[in-house]
Amino acid sequence: MQFSTKTTALSNTPTSCLVLGVFINGNLPDATAEIDKACGKSISKILKAGDISGKIKESVLIQQPQAIKAKRILLVGLGKKTGLSLKKYTEVLRYTALQLNRYSLEDCVLGFPGLDVEKTDSERLAIQTAKVFTNAEYRYSETLSKARPALKLKRVSLAVSTKQRSRAKKGLDTGAAIALGMNEARNLGNLPGNFCTPTYLAEQAKKLATKNKLLKTKVLSEAQMKRLGMHSLLSVGHGSDEPSALIIMEYKGSTAATKPQVLVGKGITFDTGGISLKPGAAMDEMKFDMCGAASVFGTMHALCALKPKINVIGIVAAAENMPSARATKPGDVVTSMSGQTIEILNTDAEGRLVLCDALTYAKRFKPKTVIDIATLTGACVATFGNVVSGLLSNDDELADSLYQCGLDALDPAWRLPLWDEYQKMLHSNFADMANIGGRYGGTITAACFLSRFTEDFKWAHLDIAGTAWNQGEQKGATGRPVPLLMEYLLRG
Ligand code: BES
Ligand code: MN
Ligand code: ZN
């Protein structure tokens, strides 16, 4: 998708389709009123006829409007004039993309200059615009014999005032890069477990590095991980024929002296539960258990597209969790890279087992902060549904920052307490800790487990078990939390 800005008078702008907004009660934004006047009140007439009430998800297409250069006008409802939020504006954009596609249009001008969206500047509006339209382009095609029809829209132009132009341009670039990263994350997430293996993920990381000068990739084999003492990570893949891998992607946009932000992604390419086998229902969805890793990949893609002057390291702990004669058994004890021993009471609590060694490994980069992203607990889905990601941290400033970034990027996360009172639930008689904490507070005890490997740096954990993919008819990866991560990283 190509994005641009337009500062010419809307009536004078040639386009296949000029998109204009109308509020409920026939209230017109300035730009719409201006065009209405220019084209002989044809918009007022349509409103009077009651063809559109101005509610969100309503539209009317006007063919060959008079006296303006646009071939069509798409009138879209903006809802109530007061209290137009960025969330609602996003709904309008999504709906607009669908309508434009329905009419097979290849280009459009979004005629919303000066639209007053609550607490939102022109850069944010542009980010959101590019994000929505680039997301609308995504089609899953990897394992289909016939590709689904592509989005026809190729060029979107955003009408802005001359004063807004440079911020809007910057926003469009940022939003397009973020959505490109999201689409990448969605695609990796959607890819079935028999395609997307740890080895496949490692290959993708290497490929990304050959295409981008600012990126370096390193892949640690099982033998190399063994030498580092990563027996917790390795225990997860014991039952699988697919070798585990630790993937390290270094994005260098700044000098070597600049401390990096480190992202660590859970990359379980399929989670059967292992010997603690999961029930059959919806087990196919456990191909999405690498969506934390996918969000790290997506973020690296977005960084490569945008090239900000920062340093970011992406680490992916990749393994397949299978039952077999060689698989880890409940009660087995392993020694992690940190030296701490772990009693594996439930082989289905495998995410924390791969993450803990990856987090210990992260220390060598002397990170500014470390954020891990993981589809870690069913308990998180029970708590937050699919709206909000779980956020736990050993640092208040980092937690506050991620919380704010989530709100601003419309990719929200909500903090849960990482308090000492919960730590004792991980007690084991046979190791330094158990890998599960009992029946209650599952998201918190999982984070407590991780916190024992992150004492040397500022760390936050994002549990995306509910937000990483949609179920049902719209089953598929969402690309979250790439927007949240990019918002955080770009704030520096
Ligand atoms: N990948 C799952 C978590 C999950 C389950 C995410 C359902 C999304 C939907 C994770 O590896 C897991 O199995 N967690 C267990 C932990 C338990 C054994 C302590 C869980 O949440 O049931
Ligand atoms: Mn599991
Ligand atoms: Zn899992």
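All ligand and atom numbering here is 1-based and tracks the order in the structure.
Side-chain atoms of Ser232 and Gln340 include no donor-acceptor pair closer than 3.5 Å. A donor atom on one side chain and an acceptor atom on the other are not found under 3.5 Å apart for Gln404 and Ser401. Side-chain contact check for Thr269 and Tyr200: no donor-acceptor pair (N or O, by modelled atom type) lies under 3.5 Å. Side chains of Arg102 and Gln99: a donor-acceptor N/O pair is present below 3.5 angstrom, by distance only. Counting only N and O atoms by type, the side chains of Gln128 and Thr90 include a donor and acceptor under 3.5 Å apart. There is a side-chain donor-acceptor pair under 3.5 Å between Asn346 and Ser276. In summary, the side chains of Ser389 and Thr467 do present a donor paired with an acceptor at a separation below 3.5 Å, with no hydrogens or angles considered. No side-chain donor from either of Thr120 and Tyr89 sits under 3.5 Å from a side-chain acceptor of the other. Side-chain N/O atoms of Ser240 and Glu242 include no donor and acceptor closer than 3.5 Å. Between the side chains of Thr377 and Thr443, at least one donor N or O lies within less than 3.5 Å of an accepting N or O. For the residue pair Asn187/Tyr138, the side-chain donor-acceptor check at 3.5 Å is satisfied.
Among all non-hydrogen protein atoms, the one lying nearest atom 6 (C) of ligand 1 is Ala465 CB, 3.6 Å. Ranking protein heavy atoms by distance to atom 10 (C) of ligand 1, first place goes to Leu376 O, 3.3 Å. Annotation: atom 8 (C) of ligand 1 to nearest protein heavy atom, Trp469 CH2, 3.4 Å. In this structure, the protein non-hydrogen atom closest to atom 2 (C) of ligand 1 is Asp271 OD2, 3.6 Å. Closest protein heavy atom to atom 22 (O) of ligand 1: Gly378 N, 4.5 Å. For atom 1 (N) of ligand 1, the nearest protein heavy atom (residue, atom name, distance) is Asp289 OD1, 2.8 Å.
Residue Gly351: no N/O/S atom is found under 2.8 Å from the Zn ion (ligand 3). Residue contact annotation: Asp289 places no N/O/S atom under 2.8 Å from the Mn ion (ligand 2).
Shown in contact with Ile436 at under 4.0 Å from a heavy atom are these atoms of ligand 1, numbered in order with element: 19 (C). Of all the atoms in ligand 1, the ones that sit under 4.0 Å from a non-hydrogen atom of Asn346 are 18 (C).
With the Mn ion (ligand 2) as the vertex, OD2 of Asp271 and OE1 of Glu350 span 100° to the nearest 10°.
Sorting the N, O or S atoms of Asp271 by how far they are from the Zn ion (ligand 3) puts OD2 first. When distances from the Zn ion (ligand 3) to the N, O or S atoms of Glu350 are compared, OE2 comes out shortest. Closest to the Zn ion (ligand 3) among the N, O or S atoms of Asp289 is OD2.
Partner of Lys266 under the salt bridge (charged side-chain N to carboxylate O under 4.0 Å, His left out) criterion, out of Asp463, Asp289, Asp372: Asp289 alone.
Using 4.0 Å as the threshold, Phe449 has no heavy atom nearer than that to any atom of ligand 1.
Ion pairing between Lys119 and Asp408 fails under the 4.0 Å rule for side-chain N and carboxylate O.
Residue contacts with ligand 1 for Lys266 involve side-chain atoms from C-beta outward but no N, CA, C or O (heavy atoms, distance under 4.0 Å). When non-hydrogen atoms are compared, ligand 1 lies under 4.0 Å from the backbone of Asp348 as well as from its side chain. Under 4.0 angstrom from ligand 1, there are no non-hydrogen atoms of Asn321.
Taking each of Cys380, Ala349, Gly438, Ala382 in turn, the one with a heavy atom nearest to atom 17 (C) of ligand 1 proves to be Ala349. When the heavy-atom distances from atom 9 (C) of ligand 1 to Lys278, Glu285, Met286 are ranked, the shortest goes to Met286. Of all the listed residues (Met283, Arg352, Glu350), Arg352 holds the heavy atom that lies closest to atom 16 (C) of ligand 1.
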